[in-house]
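Remarks on the structure that follows.
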Amino acid sequence: MTNALVVIDVQESFRARPLWRTVSNPAVVENVRRLVEAARSAGDPVIWVLHAEPGTGGVFDPALGFVRVVDELEVAPGEPVLTKTVHNAFTTTDLQHRLTVAGVRSLTVCGLRTEQCVETTARVASDLGYEVTYVVDATATFPIPHRDAPEDQSVEELLADPRTLAAEDVVARTEYALAGRFATIRTVAELVGV
């Protein structure tokens with residue numbers, strides 16, 4: 001067993017936020033499902049990673065019930081669900097230990113927050129010596145407000161602000177930053193077929 005699929009933050013917390021309607025890739029959940037099915041068929045481990053912010057009272061606070069894999073996807077028996085409290089999937093979990101014990105040398109990464117949790121996980125994995133495949137159409141993100149934008153701005157205000165970084169630009173920048181340095185960029189079709 002040399003490859004593992006790491007599914008990062010594909011959780012209900014994101015759908016509970018008004019910003020969900022701006023998601024860069026509405027097919028992300030379906031594309032993740034295809035990757036998960038292909039990994040299982042190949043006998044590769046699937047590792048689910050969720051983001052939590054305990055005690056905050058927000059949608060990432062486990063007490064509210066949104067810190068769970070999205071309803072359309074199902075965790076199979078024996079597949080670990082790790083909870084992280086930082087952006088990358090390694091620092092606050094035992095992911096590296098699990099991969100080492102399983103003999104995994106390459107990772108396929110996908111999930112939510114293209115430029116944040118998925119990209120940082122890819123970079124850390126690369127630094128740790130894993131061969132990383134970043135699946136561009138099995139990731140998604142959201143527009144990023146300008147640093148001077150008010151924290152309480154509405155989605156409409158965010159989208160109307162010319163300083164907002166469009167999600168499409170975030171995705172393109174992430175591909176450029178990772179390609180050939182930290183990861184190989186692939187699509188779901190390239191990995192599992194049509």
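Excluded from the calculations below are hydrogen atoms, water molecules and symmetry mates; all remaining heavy atoms, backbone and side chain alike, are included.
When all heavy atoms are compared, the tightest approach of Thr56 to Asp61 is N-OD2, 3.2 Å. Between Trp48 and Glu79 the shortest heavy-atom distance is NE1-OE1, 2.9 Å. Considering all non-hydrogen atoms of both residues, Val10 and Gly111 come closest at CG2-CA, 3.7 Å. The two atoms that bring Ala38 and Val192 nearest to each other are CB-CG1, 3.1 Å, heavy atoms only. Closest approach of Leu5 and Cys110 over heavy atoms only: CD1-SG, 4.0 Å.
Within a 6.0 Å sphere centred on CD of Glu156, heavy atoms belonging to other residues, nucleotides or ligands number more than 12.
Under the side-chain contact (heavy atoms from CB on, under 4.5 Å) test applied with Pro143, the options Val23, Asp161, Thr22, Asp169 reduce to a single match, Thr22. With Thr108 as reference, Leu191 is the one residue of Val7, Thr184, Leu191, Asp44 to meet the side-chain contact (heavy atoms from CB on, under 4.5 Å) rule.
Side chain of Ser24 to main chain of Thr141: a donor-acceptor pair is present (N/O by atom type, distance under 3.5 Å, no hydrogens or angles). Proximity of a side-chain donor or acceptor of Ser126 to a complementary backbone N or O of Ala122 within less than 3.5 Å is not detected. For the pair Glu175 (side chain) and Ala172 (backbone), a donor-acceptor distance under 3.5 Å is absent. Arg173 places no side-chain N or O within donor-acceptor distance of the main-chain N or O of Glu168, the cut-off being under 3.5 Å. When atom types are taken as modelled, the side chain of Arg181 and the backbone of Tyr176 share a donor-acceptor pair closer than 3.5 angstrom. When atom types are taken as modelled, the side chain of Ser13 and the backbone of Val59 share a donor-acceptor pair closer than 3.5 angstrom. For Asn31 (side chain) and Arg34 (main-chain N/O), no donor-acceptor pair under 3.5 Å exists by modelled atom type.
Taking CG of Asp9 as the start and CG of Leu50 as the end, the distance is 7.0 Å to the nearest 0.5 Å. Of the inter-residue distances, the one linking Thr121 atom OG1 with Leu95 atom CG reads 8.0 Å to the nearest 0.5 angstrom. With rounding to the nearest 0.5 angstrom, the CD atom of Glu12 is 8.5 Å from the CH2 atom of Trp20. Rounded to the nearest 0.5 angstrom, Leu73 CG and Glu37 CD are separated by 9.5 Å. To the nearest 0.5 Å, atoms OG1 (Thr2) and CD (Glu131) are separated by 8.5 Å. From Asn3, atom CG reaches atom CG of Leu107 across 7.0 Å, with rounding to the nearest 0.5 Å.
Salt-bridge check for Glu53 with Lys84: failed, with every basic side-chain N at 4.0 Å or more from each acidic carboxylate O. For Glu119 and Arg123, the salt-bridge test passes: some basic side-chain N is under 4.0 Å from an acidic carboxylate O. Ion pairing between Asp137 and Arg186 fails under the 4.0 Å rule for side-chain N and carboxylate O.
Side-chain contact between Val135 and Thr187 is absent, with no heavy atoms from C-beta onward closer than 4.5 Å. Residues Val132 and Phe182 have side chains not in contact (no heavy-atom distance under 4.5 Å, counting atoms from C-beta outward). You'll find the side chain of Val70 stays beyond 4.5 Å of the side chain of Val32, heavy atoms only. The closest side-chain heavy-atom distance from Val188 to Leu35 is below 4.5 Å.
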Could you go through the ring pair (Phe, Tyr, Trp, His ring centres under 6.0 Å) check for Phe14 and Phe66 one step at a time? CA-CA 8 Å; Phe14 283 105; Phe66 296 112; over 10 Å; no
Could you walk me through whether Tyr130 and Ser106 satisfy the side chain to side chain donor-acceptor pair (under 3.5 Å) test, starting with their C-alpha distance in whole Å, then the side-chain angles of each, then the deciding distance to 0.1 Å, before giving a yes or no? CA-CA 5 Å; Tyr130 295 98; Ser106 64; over 6 Å; no
Would you please test Glu115 and Thr174 for side chain to side chain donor-acceptor pair (under 3.5 Å) and show each step? CA-CA 6 Å; Glu115 78 294 350; Thr174 302; 5.4 Å; no
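By the 30° and 60° cut-offs, the orientation of the rings of Phe60 relative to His51 is perpendicular.
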